[in-house]
Amino acid sequence: VESRRVKFTESYTSNMLQVKLDSPALDAWTNFKLGKTKVDGATASYVIYKFDNPQEPGAVVVDKTGAGDFDAFLADLPDDDSRYGVYNLKYKKGDGEREKVCLLVWAPDASKVKARMLIASNKDSVKGQLDGVAIEFQAAKKSEVVHSEWVERAQTSLK
């Protein structure tokens with residue numbers, strides 16, 4: 001019985017590893033990192049991605065795009081479902097203004113177990129398609145997503 005359980009788990013997780021961004025999501029990423037994505041006339045500061053079908057995902061698609069600040073980005077993350085979020089973090093270093101695109105792997109405790117497994121098992125694949133992400137964060141609670149900690153990590157990052 002135990003060996004069947006292991007085989008099922010291996011098969012189940014290997015099927016989850018093949019979900020990729022669909023073409024519109026890749027286009028949204030390219031436009032976002034080039035600063036071409038506009039929301040109500042303002043340059044987008046974040047894009048949130050989700051699975052097209054939470055039960056049997058075939059692709060990662062755009063969920064929301066926003067031009068708000070860090071708090072708006074955080075508010076747009078659902079409390080009960082997993083997401084990937086990319087945020088263009090602006091901060092000061094020395095005398096200059098800097099920017100780094102950060103990836104948040106969002107897997108709240110209130111989301112279904114399968115959603116958390118999918119988001120975690122596809123993270124490397126998704127991050128690999130988001131060429132230009134400088135820093136990755138993971139969180140399960142909004143209280144774990146702290147702007148000052150993101151800025152501190154960006155200031156000490158070499159990438």
Side-chain angles (χ1 to χ4, degrees), residues 13-54 57-79 81-108 111 114-159:
T13 55
S14 68
N15 288 340
M16 290 189 297
L17 298 175
Q18 299 177 17
V19 181
K20 300 203 179 280
L21 275 75
D22 70 0
S23 184
L26 282 171
D27 291 344
W29 166 248
T30 300
N31 289 328
F32 173 77
K33 72 180 180 176
L34 295 174
K36 294 181 178 180
T37 303
K38 303 290 183 193
V39 178
D40 297 329
T43 301
S45 55
Y46 61 90
V47 179
I48 298 174
Y49 296 92
K50 67 179 184 176
F51 293 112
D52 60 348
N53 177 346
V60 175
V61 298
V62 173
D63 180 34
K64 293 181 182 179
T65 304
D69 62 8
F70 195 79
D71 290 334
F73 169 63
L74 195 57
D76 272 348
L77 295 170
D79 293 326
D81 203 2
S82 298
R83 296 286 191 270
Y84 298 107
V86 289
Y87 182 80
N88 189 23
L89 181 68
K90 296 180 181 185
Y91 62 97
K92 291 184 181 193
K93 186 170 183 179
D95 293 336
E97 295 279 329
R98 305 283 174 103
E99 294 181 23
K100 286 198 178 169
V101 177
C102 302
L103 171 67
L104 173 63
V105 180
W106 176 245
S111 64
K114 183 173 182 178
R116 292 194 310 264
M117 287 177 63
L118 284 166
I119 211 83
S121 65
N122 283 283
K123 174 190 63 126
D124 290 336
S125 173
V126 169
K127 185 177 177 185
Q129 294 171 77
L130 299 175
D131 182 39
V133 167
I135 304 171
E136 175 191 323
F137 295 89
Q138 297 182 32
K141 297 178 180 122
K142 289 187 178 180
S143 62
E144 297 172 344
V145 186
V146 180
H147 184 263
S148 61
E149 291 176 7
W150 284 38
V151 170
E152 182 179 327
R153 188 145 162 219
Q155 289 172 333
T156 58
S157 171
L158 298 176
K159 200 172 187 183

Out of curiosity, [X] [atom1] to [Y] [atom2], how far, rounded to the nearest 0.5 Å?
X      : Y      : atom1 : atom2 : value
Lys33  : Asp131 : NZ    : CG    : 4.5 Å
Glu97  : Lys92  : CD    : NZ    : 5.0 Å
Asn88  : Phe32  : CG    : CZ    : 5.0 Å
Asn122 : Met117 : CG    : CE    : 11.0 Å
Leu77  : Leu104 : CG    : CG    : 6.0 Å
Asp27  : Lys36  : CG    : NZ    : 11.0 Å

Using modelled atom types and a 3.5 Å cut-off, is there a donor and acceptor pairing between side-chain atoms of [X] and backbone atoms of [Y]?
X      : Y      : result
Asp22  : Ala25  : yes
Lys64  : Ile48  : no
Thr65  : Val47  : no
Lys100 : Ala134 : no

Ring pair (Phe, Tyr, Trp, His ring centres under 6.0 Å) involving Phe70 - partner list, sequence neighbours excluded: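 Residues passing ring pair (Phe, Tyr, Trp, His ring centres under 6.0 Å) with Phe70: Tyr87, His147, Trp150.
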Work out which heavy atom in [X] is nearest to a heavy atom in [Y]; give both atom names and the distance.
X      : Y      : result
Val145 : Ala139 : CG2-CB, 3.6 Å
Lys123 : Tyr84  : N-OH, 3.4 Å
Val19  : Pro57  : CG2-O, 3.8 Å

[X]: which residues meet the side chain to side chain donor-acceptor pair (under 3.5 Å) condition with it, sequence neighbours left out?
X      : answer
Gln138 : Glu136
Asp79  : Lys142
Thr37  : none
Ser111 : Ser82

Would you check if [X] and [Y] make a side-chain contact, meaning some heavy-atom pair closer than 4.5 Å?
X      : Y      : result
Leu103 : Phe137 : no
Val61  : Tyr49  : no
Val126 : Trp29  : no

Partners passing salt bridge (charged side-chain N to carboxylate O under 4.0 Å, His left out) against Glu144 (at least two apart in sequence or in another chain):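 With sequence neighbours excluded, Glu144 shows a salt bridge (charged side-chain N to carboxylate O under 4.0 Å, His left out) to no residue whatsoever.
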Salt bridge (charged side-chain N to carboxylate O under 4.0 Å, His left out) partners for Asp124, two or more places apart: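 Testing Asp124 for salt bridge (charged side-chain N to carboxylate O under 4.0 Å, His left out), a comparison that skips the adjacent residues, returns none.
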Residues, nucleotides or ligands: over 12 heavy atoms within 6.0 Å of Lys93 NZ: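 Yes, because the 6.0 Å sphere around NZ of Lys93 holds more than 12 heavy atoms from other groups.
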Side chain to side chain contact (heavy atoms under 4.5 Å, CB included) partners for [X], two or more places apart:
X     : answer
Pro78 : Asp80, Asp81, Arg83, Trp106
Asp69 : Asp71, Ala72
Ala42 : Ala67

Of all pairs that satisfy salt bridge (Lys or Arg N to Asp or Glu O under 4.0 Å), the ones with a partner from residues 38-54, not counting sequence neighbours: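 Sorted result for residues 38-54: Lys50-Asp63.
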Pairwise salt bridge (Lys or Arg N to Asp or Glu O under 4.0 Å) hits with a residue in residues 145-154, at least two apart: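 Non-adjacent pairs meeting salt bridge (Lys or Arg N to Asp or Glu O under 4.0 Å): zero.
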